Colleague: 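Mind having a look at this structure? Questions to follow.
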Amino acid sequence: QVQLVESGGGLVQAGGSQRLSCAASGNMFSISAMGWHRQAPGKQRELVASITRGGSTNYATSVKGRFTISRDSAKNTVYLQMNSLKPEDTAVYYCNADSWNTVKYWGQGTQVTVSS
């Protein structure tokens, strides 16, 4: 019922910045929160940042102070601004939407590679 389209991934040098976008479509009323997860090779998928319908945000400790999640409700889009990127940030980043009935929706994933 919800479709997510990600954009903005690519290659960036350490210390640089990059912004990811996630455009949502479908039944917007079903969404209680949206966020970003990432998964590096051989590692567990982890929550990076999330934002609730009410605007509350949460961040993984590893990205606090460097990443910012935001939204544009008029465009049904959430963003992840990533600053001071480190090689450890290299991963596939997935947009996620949580529904009120516990169903999780996922984007296709976008590769972010940070070169040292």
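Values below: all heavy atoms of this structure, side chains included; hydrogens, waters and symmetry mates excluded. Remember, predicted model here, so these are calculated numbers, not experimental data.
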Colleague: Just by distance, do the side chain of E6 and the backbone of G109 share a donor-acceptor pair under 3.5 Å?
Modeller: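 Flag set: sc E6 to bb G109 pair under 3.5 Å.
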Colleague: Any non-hydrogen side-chain atom of C95 less than 4.5 Å from a side-chain atom of V78?
Modeller: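 The answer is yes; the side chains approach within 4.5 Å.
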Colleague: Does any part of the side chain of Y79, heavy atoms only, come nearer than 4.5 Å to the side chain of L20, both counted from C-beta?
Modeller: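 No - every pair of side-chain heavy atoms lies 4.5 Å or more apart.
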Colleague: Determine the minimum heavy-atom distance between N83 and S17, stating which atoms define it.
Modeller: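 What the structure gives for the nearest pair is OD1-OG, 2.9 Å.
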Colleague: Supply the atom-to-atom distance Q18 CD to F67 CZ, rounded to the nearest 0.5 angstrom.
Modeller: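 It is 9.5 Å, given to the nearest 0.5 Å.
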Colleague: Would you say M82 and V12 are hydrophobically clustered, going by side-chain heavy atoms of ILVMFWY under 4.5 Å?
Modeller: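 In one cluster with M82: V12, yes.
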Colleague: Which atom names give the shortest non-hydrogen contact between M34 and A24, and what distance separates them?
Modeller: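 Closest approach of M34 to A24, heavy atoms only: CE-CB, 4.1 Å.
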Colleague: With no hydrogens and no angle check, do the side chains of Y93 and R38 hold a donor and an acceptor under 3.5 Å apart?
Modeller: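 There is such a pair (donor and acceptor under 3.5 Å, judged by atom type) between the side chains of Y93 and R38.
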Colleague: Shared ILVMFWY cluster between L4 and M28, side chains joined below 4.5 angstrom?
Modeller: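 Linked, L4 and M28 end up in one cluster.
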Colleague: With a 4.5 Å limit on heavy-atom distance, are the side chains of S70 and Q81 in contact?
Modeller: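 Not in contact.
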Colleague: Taking all non-hydrogen atoms of both residues into account, name the closest pair between R45 and H37 and its distance.
Modeller: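 Scanning both residues completely, I find the closest heavy atoms to be CG-CB, 3.8 Å.
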Colleague: Check the surroundings of atom CD in Q3: do more than 12 heavy atoms from other residues, nucleotides or ligands lie under 6.0 Å from it?
Modeller: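 More than 12 within 6.0 Å, yes.
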Colleague: Taking atom OG of S32 and atom CG of D98, what is their separation to the nearest 0.5 Å?
Modeller: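 Spacing of OG (S32) from CG (D98) equals 5.0 Å.
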Colleague: Determine, using the 4.5 Å side-chain heavy-atom cutoff (strictly less than), whether W36 and Y105 are members of one ILVMFWY cluster.
Modeller: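 Same cluster: W36 reaches Y105 through Ile, Leu, Val, Met, Phe, Trp or Tyr contacts under 4.5 Å.
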Colleague: In terms of hydrophobic clustering (I, L, V, M, F, W, Y; side-chain heavy atoms under 4.5 Å; direct or indirect links), are V114 and L80 co-clustered?
Modeller: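 Same cluster.
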Colleague: Could you grab the distance from atom OG of S62 to atom CG of D89, nearest 0.5 Å is fine?
Modeller: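 Taking OG in S62 and CG in D89, the distance rounds to 7.0 Å.
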Colleague: Supply the atom-to-atom distance Q1 CD to S30 OG, rounded to the nearest 0.5 angstrom.
Modeller: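 So the gap between those two atoms works out to 7.5 Å.
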Colleague: Looking at A97, is its backbone amide N or carbonyl O close enough to the side chain of W106 to form a donor-acceptor pair, meaning the two atoms are under 3.5 Å apart?
Modeller: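 Not a single qualifying donor-acceptor pair exists.
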Colleague: Give, for atom OG of S7 and atom CD of Q108, the distance between the pair rounded to the nearest 0.5 Å.
Modeller: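 Those atoms lie 9.0 Å apart.
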Colleague: Is it the case that one hydrophobic cluster holds both I51 and Y59, taking links as side-chain heavy atoms less than 4.5 Å apart, direct or via other members?
Modeller: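 Per the 4.5 Å side-chain linkage, I51 and Y59 are co-clustered.
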Colleague: Does any part of the side chain of Q111, heavy atoms only, come nearer than 4.5 Å to the side chain of L11, both counted from C-beta?
Modeller: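 When only atoms from C-beta onward are counted, Q111 and L11 do not touch, as no gap falls below 4.5 Å.
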Colleague: So which heavy atom on P87 is nearest to which on A14, and how close?
Modeller: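 For P87 versus A14, the nearest heavy atoms are CD-CB, 4.2 Å.
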Colleague: Answer yes or no: is there a side-chain heavy-atom contact under 4.5 Å between I31 and V2?
Modeller: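 A side-chain contact exists here, since the closest heavy-atom pair is under 4.5 Å.
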Colleague: With rounding to the nearest 0.5 angstrom, report the CG to OG distance, L85 to S115.
Modeller: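 Rounded to the nearest 0.5 Å, the CG-OG separation comes to 10.0 Å.
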Colleague: With distance as the sole criterion, is a donor-acceptor pair present between the side chains of D72 and T77 under 3.5 Å?
Modeller: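 Checked: D72/T77 side chains show no N/O donor-acceptor pair below 3.5 Å.
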